[in-house]
2 protein chains.
Amino acid sequence: MTKAIDHLLNRLEAIGHVTDEDRKALRNLPIKEANLVKGTEIVADGETSSSCCMVVSGYLCRSKTLLDGSRQIFSLHTAGDIPDLHSLHLNRMDHSLSAISDCRIARIPHEAVYNALDACPSLNALLWRDTLIDSAAFRAWMLMLGQAEAVPRMAHFFCELFTRAAMAGLTENNTFPLPLTQADLGDILGISMVHANRTLQDLRGRGVMDFDQQIVSILRWDDLRKLGQFDPSYLHYLDGRIGRENPAKL
Amino acid sequence: MTKAIDHLLNRLEAIGHVTDEDRKALRNLPIKEANLVKGTEIVADGETSSSCCMVVSGYLCRSKTLLDGSRQIFSLHTAGDIPDLHSLHLNRMDHSLSAISDCRIARIPHEAVYNALDACPSLNALLWRDTLIDSAAFRAWMLMLGQAEAVPRMAHFFCELFTRAAMAGLTENNTFPLPLTQADLGDILGISMVHANRTLQDLRGRGVMDFDQQIVSILRWDDLRKLGQFDPSYLHYLDGRIGRENPAKL
DNA sequence: CGTTGCTTTGAACTAGCTCAAGACCTGTGG
DNA sequence: CCACAGGTCTTGAGCTAGTTCAAAGCAACG
């Protein structure tokens with residue numbers, strides 16, 4: 001009945017078929033909510049955790065830092081995401097999970113999830129699918145990191161984020177809040193902060209989007225999409241919602 | 001009883017606990033083997049497939065190509081790998097799977113896998129875990145793509161490959177066969193072919209490794225590992241085999 | 001023994017980096 | 001209400017890692 005689980009159900013309904021049994025199993029999960037301030041590390045690289053963490057509001061990120069201090073952010077997570085679902089089957093974290101903005105999360109003990117999965121094979125398949133979509137997003141991102149220059153890379157990033165924010169019901173008038181600094185943006189894109197700034201100015205100059213005061217505005221979706229060669233099909237949203245045949249209408 | 005399934009069992013035993021029931025379920029899978037020549041595309045980007053593909057010998061790769069023709073290779077796969085296991089739960093491929101060398105593969109119909117998974121929850125968890133390790137390798141790779149320069153990036157790549165080849169029993173005297181061109185290497189590392197060549201010369205010059213005539217030779221493992229900041233723990237091999245506490249002994 | 005595919009080299013060019021300073025903004029304490 | 005401090009954004013300028021283009025060397029193969 002908690003609002004928190006509704007976010008998750010929303011998202012799962014967008015990526016697959018949710019049975020009544022699944023719904024029931026999820027609603028019965030014992031969760032414990034908490035507020036976190038920006039910068040809090042939830043699970044550290046190398047650690048073992050005994051619960052999963054679901055986002056209720058705000059943004060979490062997964063990242064890893066090299067010895068020289070350079071950090072790569074792998075993914076951002078909004079309402080309904082469970083960024084460390086993989087910890088169910090991989091004991092040791094190979095990266096860290098932290099709050100990139102003030103946010104509210106819900107903790108679900110592994111034990112409870114195991115029980116739900118055992119009792120409900122369709123939920124098992126659905127959550128497996130969820131982790132596979134996560135993996136697909138990594139591939140899309142690797143393609144941009146390895147092969148695209150800063151401008152298309154950034155364009156692609158905002159396309160993905162907008163699509164996912166829209167799915168989570170966080171957009172309004174082609175606009176959504178994004179509590180990131182340009183330094184964070186650089187760590188996502190694999191470029192320096194200075195270059196992130198210049199790349200952003202380039203996108204602004206083209207009139208395709210803006211990002212100011214923590215607000216992203218999509219101004220010309222089709223052009224932005226073309227620029228970033230963004231094809232949302234890797235997010236595997238069901239037809240009828242945002243998908244390849246039906247890209248986010250503006 | 002087929003040799004093909006043994007490769008898979010080998011690998012699964014290295015990443016988790018395999019029960020007798022799992023073993024039985026796997027051995028009962030109907031498989032159809034085939035030989036492929038280098039370059040054959042097994043599943044195309046955007047396609048839907050109704051079977052999984054297991055590597056028996058040789059190398060497969062997963063990759064995606066941008067409009068301008070630039071290609072990013074996401075991963076390489078050897079004996080025992082099932083690179084498209086995700087197709088069980090994601091119908092449409094978001095990248096393509098192809099033979100990067102002459103190789104032998106075994107096809108397993110989805111239907112048969114579904115049945116095995118339904119009948120055997122522990123196998124289900126084990127294969128889920130396998131796809132999660134796949135995902136962990138992507139993260140490790142994204143870190144290098146986004147934050148490391150060509151030399152450490154290449155060092156890291158050869159470290160991962162050597163570790164996995166060792167696990168699959170393909171190494172001999174710190175040496176293993178790798179049927180790649182330098183152009184392929186560039187597509188993996190996200191650098192041009194010319195730069196791949198120069199980076200390789202750099203590694204050779206440092207005396208840490210060599211790659212010539214399709215043979216990789218690891219000359220100074222510890223230095224190579226340090227250079228690439230390689231920590232094999234993301235591959236999640238069980239203790240007692242190659243792992244963080246027990247890195248590939250040379 | 002010529003063709004084909006792979007590797008190697010040189011040389012000019014460029015995307016993105018680093019360093020450093022200034023502008024701007026917001027919250028805090030006097 | 002002002003001053004100051006700390007974080008963020010913006011700009012300039014010189015530098016470097018990696019790119020592209022083009023040609024030459026090399027090996028295998030029919």
Side-chain angles (χ1 to χ4, degrees), chain A residues 37-39 59 66 68-73 99-102 144-157 177-206 209-217 227-228, chain B residues 37-39 59 66 68-73 99-102 144-157 177-206 209-217 227-228:
Chain A
V37 298
K38 174 178 166 164
Y59 276 93
L66 286 175
D68 69 349
S70 53
R71 174 178 72 148
Q72 177 66 42
I73 294 179
I100 204 165
S101 71
D102 290 347
M144 299 317 279
L145 277 177
Q147 304 298 329
E149 306 202 326
V151 168
R153 213 186 287 182
M154 186 178 280
H156 185 101
F157 168 69
L178 183 68
L180 290 186
T181 67
Q182 293 187 7
D184 295 328
L185 202 50
D187 287 350
I188 292 168
L189 298 170
I191 60 181
S192 68
M193 196 201 71
V194 170
H195 202 57
N197 178 283
R198 286 174 174 143
T199 307
L200 192 51
Q201 286 180 50
D202 185 319
L203 290 178
R204 277 201 265 260
R206 290 165 189 257
M209 63 157 293
D210 197 7
F211 175 38
D212 194 34
Q213 311 289 341
Q214 324 255 61
I215 301 283
V216 176
S217 313
L227 197 55
Chain B
V37 298
K38 176 180 165 161
Y59 277 93
L66 287 175
D68 69 349
S70 54
R71 173 177 72 147
Q72 178 66 42
I73 294 179
I100 204 165
S101 71
D102 290 347
M144 298 317 278
L145 278 177
Q147 304 298 330
E149 306 202 326
V151 169
R153 213 186 287 182
M154 186 178 279
H156 185 102
F157 169 69
L178 183 69
L180 290 185
T181 67
Q182 293 188 7
D184 295 329
L185 203 49
D187 288 349
I188 293 168
L189 299 170
I191 59 181
S192 69
M193 196 201 69
V194 171
H195 202 56
N197 179 283
R198 288 175 174 142
T199 306
L200 192 52
Q201 287 179 48
D202 185 318
L203 290 178
R204 276 201 265 258
R206 290 164 188 258
M209 62 157 293
D210 196 8
F211 175 37
D212 194 35
Q213 312 288 341
Q214 324 255 63
I215 301 283
V216 176
S217 312
L227 197 55

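Since the model is a prediction, treat every value here as computed from it, not as a measurement.
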Under 4.0 Å between a side-chain N or O of [X] and OP1 or OP2 of [N]?
X        : N      : value
B/Arg198 : C/dA11 : no
B/Asn197 : C/dT8  : yes
A/Lys38  : D/dG7  : no
B/Gln201 : C/dT9  : yes
B/Arg204 : C/dT7  : no

Determine the minimum heavy-atom distance between B/Asn197 and B/Gln182, stating which atoms define it.
ND2-OE1, 2.8 Å

Minimal heavy-atom distance between A/Pro177 and A/Ile215, with the atoms involved, is CA-CD1, 4.2 Å

Quick one, A/Thr199 with A/Asp202, criterion side-chain hydrogen bond (donor to acceptor under 3.5 Å, both in side chains). Give me CA distance, side-chain angles, the key distance, then yes/no.
CA-CA 5 Å; A/Thr199 307; A/Asp202 185 319; over 6 Å; no

For A/Thr181, which contact category applies under a 4.0 Å heavy-atom criterion: base, sugar-phosphate, or nothing?
sugar-phosphate

Most 5' of B/Leu180 and A/Gly190 on DNA chain C, judged by nearest nucleotide:
B/Leu180

Please tell me which of A/Arg153 and A/Val194 maps to the more 5' nucleotide of DNA chain C, matching each residue to the nucleotide holding its nearest heavy atom.
A/Arg153

Roughly, in whole Å, what's the span from [atom1] in [X] to [atom2] in [N]?
X        : N      : atom1 : atom2 : value
B/Asp212 : C/dC6  : CG    : P     : 15 Å
A/Glu149 : C/dT14 : CD    : P     : 12 Å
B/Leu203 : C/dT8  : CG    : P     : 13 Å
B/Met193 : D/dA22 : CE    : P     : 14 Å
A/Asp187 : C/dC17 : CG    : P     : 11 Å
B/Gln213 : C/dT7  : CD    : P     : 9 Å
A/Gln182 : D/dT8  : CD    : C1'   : 8 Å
B/Leu178 : C/dT7  : CG    : C1'   : 16 Å

Would the distance check show the side chain of B/Arg71 and the main-chain N or O of B/Asp187 forming a donor-acceptor pair, the cut-off being under 3.5 Å?
no

How long is the gap from CG on B/Asp184 to OH on B/Tyr59, to the nearest 0.5 Å?
12.5 Å

